[in-house]
Student: 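Once you've had a glance at the structure underneath, I'll fire off some questions.
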Amino acid sequence: MRTTWAGVVLVASVAIAGCRIESKEEFAGVPAAARATRLPDRLELGVAATPVGIASIDIDANPAGAGLPAGEGTHAQGIPIYAQKCASCHGAKGEGLATYPKLVSPDTLAGFPFGKDASIPKTVGNYWPYATTVYDYVHRTMPFTAPGSLTPNETYALVAWLLAENRIVPMTAVMNASTLPKVQMPARRHFVIDDRTGGQPFR
Amino acid sequence: MNDSEKAGLPESPMSRRRALGVAAGLVGGAVLTGTTLDAMTQVPTAKVPGAMPAGGAAVVSAPAAPLPVAPPDASMIPGIASGPLSTRSPFEMPALTPVGITTGSSLTPLQHIAGTITPSDLHFQRHHNGIAVIDPHRYALTVHGLVDRPLVFSLEQLKRFPAMTRTCFVECSGNGRSAFRAPKREMTPQQVDGLTSNSEWTGVSVAALLKEAGVQHGATWVLAEGGDAARLSRSVPMDKMLDDAFIAYAQNGEPLRMPNGYPARLLLPGYEGNMCVKWIRRLEAIDQPNMSRDETAKYTDPLANGTARQFSFTMDAKSIITSPAYPTRLTGPGWWPVTGLAWTGRGRIERVDVSTDGGRTWTEAELSNPVLSRAHTRFEHMWKWDGRPAQLMSRAIDETGYVQPTLQTYRDTRGAGTDYHFNAIRTWLVEQDGSVYFGG
């Protein structure tokens with residue numbers, strides 16, 4: 001099938017780009033990227049994605065709030081949902097169980113010490129730099145046995161529960177597409193972008 | 001001629017020895033005594049072929065299949081007939097370990113790999129909520145976001161683009177964590193660094209797909225999302241996507257193995273494995289990184305100076321000696337190949353040095369040709385062991401001049417709590433009786 005396609009490409013490239021005919025051997029050695037330059041800009045493959053089709057899988061939310069759906073929730077609304085859908089793995093208070101991670105650590109840590117001590121659990125409260133990530137991840141992956149099954153309201157309520165238990169927002173805070181992107185996470189200022197490009201010294 | 005042939009030694013000393021040991025048990029061990037082939041001995045308790053000695057993480061043995069009875073002389077009787085798929089010799093039982101994992105890792109037995117290509121069924125696996133089962137006829141890759149023409153590609157349509165084939169490694173950026181955090185003498189190369197594998201991949205360049213959709217001005221990143229139950233998502237810089245990113249639908253000459261992303265996955269040569277999203281279902285052109293969990297809460301590197309490094313995408317130069325290494329044993333003084341793998345996400349491996357005296361002196365190792373960019377590179381150093389304790393190390397240097405750091409430098413610079421990109425020099429301790437142990 002590849003050979004056939006290569007032949008088609010050869011003929012097409014001659015016809016379209018008017019380039020000289022090359023031996024098959026030469027042609028076979030040309031990288032795909034170079035071959036592509038002899039083709040039209042578009043091969044007109046693929047079919048148009050429909051708005052409904054895109055919406056069915058376009059589940060991400062970003063720090064600016066893009067992608068956050070309508071709906072809202074509070075810590076109080078999150079309590080029964082957490083108890084029913086989260087506590088069996090993460091513990092009644094978000095303390096973590098067995099291999100499932102701890103979610104709540106309201107105490108302030110001096111100096112972001114994670115690089116010195118691997119035993120400190122990284123949680124939403126002490127390590128996650130963006131609040132919108134909590135919505136994105138909970139909605140995307142939880143509960144573990146039924147990912148994607150939480151409604152927007154349930155997700156906002158769980159986000160409010162997590163942020164309030166970590167003492168990042170008040171217990172009464174309402175989380176929605178407008179309020180969540182404004183939440184400042186304490187860990188954010190500790191993150192730096194990798195600027196290494198190889199060479200020396202080791203960093 | 002490969003390295004093993006060059007050295008006049010069996011291709012995979014340990015597994016070959018094991019095979020012959022088994023054969024010897026069946027046909028009478030005396031015939032093998034004194035040959036070079038039993039020079040390496042598996043120690044100490046592996047009674048089942050393929051069983052990894054205990055130590056470190058959970059270790060799972062390959063199922064003990066019944067071994068055929070090898071005739072005393074296979075040249076004296078007709079052989080067996082062919083089947084639809086060839087299988088490994090039943091005397092060879094390399095295995096991923098641990099297995100039964102839905103969230104976590106199964107590691108490649110680096111000590112059983114010859115050359116540079118990882119057999120597809122031995123490619124390491126890292127899953128975040130199990131192996132997705134996807135019908136290729138219903139597979140779809142959606143390209144949307146900041147594009148002129150949002151498009152959906154079927155698998156068949158992906159295969160109608162000009163194909164590209166390249167060999168590159170995929171390494172989990174958590175590779176080496178347990179060796180760093182909790183080193184044990186009884187760790188195999190698999191347990192130390194088995195979260196890296198190397199394949200020849202075939203697919204379509206992401207640039208071609210993006211060109212088809214028409215990327216709009218201001219699209220600086222692309223969100224890649226998988227169709228597994230983790231819907232794993234990572235933001236990838238547009239520059240990387242337009243440079244050498246590709247959607248692979250084949251691995252080592254055949255469709256991807258299911259655990260490696262069947263029917264299609266993203267590959268970003270040199271970047272950490274987590275970004276090479278398996279079971280890829282969506283590429284969204286975006287104007288800022290998404291800050292998904294796996295690029296914030298995970299896959300970031302806390303440092304000793306109280307910061308956390310983010311977007312450390314490129315895998316740093318690294319190497320590991322895969323033989324001799326625990327649990328093999330040198331049976332006597334003489335010439336031994338010290339061989340292993342080196343790789344870097346920043347291009348080609350320039351040089352690999354080997355030390356047999358704990359880093360006091362170094363000798364440049366031979367590299368198998370060809371040395372490919374962002375691919376596993378095989379190195380070998382012939383070493384005449386004098387029968388005294390020794391410390392074997394390898395040090396990779398890449399084309400940027402990056403030098404794989406010592407464990408001391410690594411720990412001092414990154415901090416004991418650092419979480420990813422564990423690329424310090426590894427040490428194997430050879431004891432006087434020929435036993436080899438992991439030395440950190």
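So you know, we letter chains A, B, ... as the sequences are listed, proteins then strands, and number each from 1.
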Student: Would the number of heavy atoms belonging to other residues, nucleotides or ligands and lying under 6.0 Å from CZ of A:Arg189 be above 12?
Tutor: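 Not buried by this count: 12 neighbours or fewer within 6.0 Å.
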Student: What are the two closest non-hydrogen atoms of B:Ala308 and A:Phe112, and how far apart are they?
Tutor: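 Residues B:Ala308 and A:Phe112, closest heavy atoms: CB-CE2, 3.7 Å.
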Student: Please classify the contact between B:Leu303 and chain A as side chain, backbone, both or neither, with a heavy-atom cut-off of under 4.5 Å.
Tutor: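 The backbone, not the side chain.
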Student: Return the option, out of B:Arg166, B:Arg346, B:Gln157, with the maximum number of heavy-atom pairs under 4.5 Å with chain A.
Tutor: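 Highest number of heavy-atom pairs under 4.5 Å: B:Arg346.
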Student: Checking B:Ala208 against chain A: side chain, backbone, both or neither under 4.5 Å from a heavy atom?
Tutor: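 For B:Ala208, neither part sits under 4.5 Å from chain A.
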Student: Need one label for B:Asp316: side chain, backbone, both or neither, based on atoms under 4.5 Å from any heavy atom in chain A.
Tutor: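 Looking at B:Asp316, just its side chain touches chain A.
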Student: Under a 4.5 Å cut-off applied to non-hydrogen side-chain atoms, are B:Val403 and A:Phe202 in contact?
Tutor: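 Answer no - side chains too far apart.
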Student: So, taking the atom named CH2 in A:Trp128 and the one named OG1 in B:Thr296, what distance separates them when rounded to the nearest 0.5 Å?
Tutor: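 Reported to 0.5 Å precision, the distance equals 6.0 Å.
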Student: Counting only non-hydrogen atoms closer than 4.5 Å, does B:Thr344 touch chain A with its backbone (N, CA, C, O), its side chain (CB onward), both, or neither?
Tutor: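 Neither the backbone nor the side chain of B:Thr344 comes within 4.5 Å of chain A.
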Student: Within the side chain of B:Arg414, is there an N or O that forms a donor-acceptor pair under 3.5 Å with the backbone of A:Arg203?
Tutor: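 Yes; judged by distance alone, with no hydrogens or angles, the pair exists.
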Student: Can you tell me if B:Asp419 uses its side chain to pair, donor with acceptor, with the backbone of A:Ala118 under 3.5 Å?
Tutor: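 Checked: no pair found.
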Student: Minimum heavy-atom separation for A:Ala64 and B:Gln288, please, with both atom names.
Tutor: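 Nearest pair, atom of A:Ala64 first, then B:Gln288: CB-NE2, 3.7 Å.
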Student: Tell me, for A:Lys122 versus chain B, whether the close heavy atoms (under 4.5 Å) come from the side chain, the backbone, both or neither.
Tutor: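 Answer is side chain: those atoms of A:Lys122 sit under 4.5 Å from chain B.
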Student: B:Thr142 and A:Ile57: which non-hydrogen atoms are nearest, and at how many Å?
Tutor: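 Looks like OG1-CD1, 3.7 Å.
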Student: What do the steps show when you test A:Asp194 against B:Phe313 for side chain to side chain contact (heavy atoms under 4.5 Å, CB included), and what is the final call?
Tutor: CA-CA 8 Å; A:Asp194 186 15; B:Phe313 301 145; over 6 Å; no
Student: Given a strict heavy-atom distance threshold of 4.5 Å, which part of A:Phe114 is in contact with chain B: side chain, backbone, both, or neither?
Tutor: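 Interface part for A:Phe114: both.
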Student: Give the intermediate values and the outcome of side chain to side chain contact (heavy atoms under 4.5 Å, CB included) for residues B:Thr314 and A:Arg196.
Tutor: CA-CA 9 Å; B:Thr314 306; A:Arg196 298 168 307 143; over 6 Å; no
Student: Could you pull out the closest heavy-atom pair between A:Tyr127 and B:Ala297, with the gap in Å?
Tutor: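 Taking A:Tyr127 first and B:Ala297 second, the nearest heavy atoms are CE2-O, 3.6 Å.
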Student: Who among B:Gly214, B:Ser233, B:Ser292 has the most heavy-atom pairs with chain A under 4.5 Å?
Tutor: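 Of B:Gly214, B:Ser233, B:Ser292, B:Ser233 has the most heavy-atom pairs under 4.5 Å with chain A.
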Student: Is A:Thr99 close to chain B through its backbone or its side chain, or both, or neither, when contacts mean heavy atoms under 4.5 Å?
Tutor: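 Answer is neither: A:Thr99 stays 4.5 Å or more from chain B.
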Student: Evaluate the side-chain proximity of B:Pro162 to A:Leu43: yes if any heavy-atom separation is below 4.5 Å, no if none is.
Tutor: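 Heavy-atom side-chain distance check passes, below 4.5 Å.
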Student: Side chain, backbone, both or neither: which part of B:Ser312 has an atom under 4.5 Å from a heavy atom of chain A?
Tutor: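 Looking at B:Ser312, backbone and side chain both touch chain A.
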Student: For B:Arg149, which atoms come within 4.5 Å of any heavy atom of chain A: side chain, backbone, both, or neither?
Tutor: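 Contact with chain A: side chain only.
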Student: Evaluate the criterion side chain to side chain contact (heavy atoms under 4.5 Å, CB included) for residue pair B:Glu225 and A:Ile59; output intermediate values, then yes/no.
Tutor: CA-CA 10 Å; B:Glu225 183 179 278; A:Ile59 56 173; 3.5 Å; yes
Student: Salt-bridge test for A:Asp58 and B:Arg282: reply yes if a basic N is under 4.0 Å from a carboxylate O, no otherwise.
Tutor: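 Result for this pair is yes, salt bridge flagged.
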Student: Less than 4.5 Å to any heavy atom of chain A: does that hold for the side chain of B:Arg281, its backbone, both, or neither?
Tutor: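 It is both, since atoms from each part get that close.
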Student: Working to the nearest 0.5 angstrom, can you tell me the gap between B:Glu295 CD and A:Tyr130 OH?
Tutor: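 B:Glu295 atom CD to A:Tyr130 atom OH measures 10.0 Å (nearest 0.5 Å).
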Student: For B:Asn290 and A:Asp136: C-alpha separation, side-chain torsions, deciding distance, then whether side chain to side chain contact (heavy atoms under 4.5 Å, CB included) applies.
Tutor: CA-CA 9 Å; B:Asn290 193 254; A:Asp136 180 286; 3.6 Å; yes
Student: Tell me whether A:Gln200 contacts the main-chain N or O of B:Tyr402 through its side chain, where contact means a donor paired with an acceptor under 3.5 Å.
Tutor: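 A pair under 3.5 Å: no.
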Student: To check you understand the geometry: which heavy-atom pair defines the closest contact between A:Pro63 and B:Met291, and what is its length?
Tutor: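 The pair with the smallest heavy-atom distance is CG-CG, 3.4 Å.
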Student: Do you know which two heavy atoms are closest between B:Glu284 and A:Asp60, and how far apart they sit?
Tutor: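 Answer, listing the atom of B:Glu284 first, then A:Asp60: OE1-OD1, 2.8 Å.
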Student: Less than 4.5 Å to any heavy atom of chain B: does that hold for the side chain of A:Ala61, its backbone, both, or neither?
Tutor: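 Just the backbone, heavy atoms under 4.5 Å.
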Student: Can you tell me which portion of A:Tyr137 sits under 4.5 Å from chain B's heavy atoms? Options are side chain, backbone, both or neither.
Tutor: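 The side chain, not the backbone.
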Student: Side chain, backbone, both or neither: which part of B:Asp412 has a non-hydrogen atom closer than 4.5 Å to chain A?
Tutor: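 For B:Asp412, no heavy atom lies under 4.5 Å from chain A.
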